[in-house]
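First comes the structure, then the notes that go with it.
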Amino acid sequence: MIELELAKKFIEQITQFTDYNINIMNEQGCIIASRDPKRVGTFHEVAYYIMSGKEDMVVTSGENDYPGVRSGINMVIKIDGQRQGVVGITGAPEEVMQECCMLRFPN
């Protein structure tokens, strides 16, 4: 399980590099950290789907495709090869993919 403090720290760090909303979801699909505080504590169906082992990445393009899910990209977080959570980046999938591929994080 991904720790809440780690999720919050990740949101703080990534905020320095992008204006997109970032969500971190736990193994039950609950948003535990987000740049949008109103989303914390809400259910994210795609995160639940990813955590159940179906996919490592899911791209959504419609606001009404899944309950609690906005347009964007959602990817599994693995620690030591185990599914620990999901990171979601809200926005037009093509734009999000392009910007995320260009992000470079300091060591």
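Since this is a predicted model, take the numbers as computed values, not measurements. Each residue takes its place number in the sequence, starting with 1.
Side chains of Q16 and Q13 form a contact here, defined as non-hydrogen atoms less than 4.5 Å apart. The shortest distance between side-chain heavy atoms of I32 and V40 does not fall below 4.5 Å. Proximity of F10 to V87: side-chain heavy atoms (C-beta onward) are separated by under 4.5 Å at one or more points.
Taking every heavy atom of both residues into account, T18 and I22 meet most closely at CG2-CD1, 4.2 Å. Nearest heavy-atom pair across N26 and Q28 is OD1-N, 3.0 Å. When every heavy atom of I73 is checked against every heavy atom of P93, the shortest pair comes out as CD1-O, 3.6 Å. Residues A47 and G29 approach most closely at CB-CA, 4.1 Å, considering heavy atoms. When all heavy atoms of T90 and Y20 are compared, the pair lying nearest together is O-CD2, 3.1 Å. Contact between S34 and N23 at its shortest, heavy atoms only, is OG-OD1, 2.5 Å.
Qualifying salt bridge (charged side-chain N to carboxylate O under 4.0 Å, His left out) partners for R39, counting only residues two or more places apart in sequence or in other chains: none. Partners of D56 under the salt bridge (charged side-chain N to carboxylate O under 4.0 Å, His left out) rule, at least two apart in sequence or in another chain, are K78, R83.
One distance of note links CD1 of I14 with CZ of R35; it measures 9.5 Å at 0.5 Å rounding.
V46 belongs to a hydrophobic cluster whose remaining members, ordered by chain and number, are M25, I31, Y49, I50, M51, V58, Y66, V69, V76, V86; membership requires side-chain heavy atoms of ILVMFWY residues under 4.5 Å apart, directly or through intermediates. Other members of the cluster containing F43 are Y48, with ILVMFWY side chains joined at under 4.5 Å, either directly or via other members.
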* Derivation and outcome, side chain to side chain contact (heavy atoms under 4.5 Å, CB included), residues V59 and M57 -> CA-CA 7 Å; V59 177; M57 183 173 88; 4.2 Å; yes

* Report the C-alpha separation of R70 and T60 in whole Å, then their side-chain angles, then the decisive distance to 0.1 Å, and conclude whether the side chain to side chain contact (heavy atoms under 4.5 Å, CB included) test is met. => CA-CA 7 Å; R70 297 182 180 162; T60 57; over 6 Å; no

List the atom pairs, with distances to 0.1 Å, where a side-chain N or O of residues 1-9 and a protein N or O form a donor-acceptor pair under 3.5 Å, not counting sequence neighbours.
none

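The list of salt bridge (Lys or Arg N to Asp or Glu O under 4.0 Å) pairs with a residue in residues 24-33, not counting sequence neighbours, is empty.
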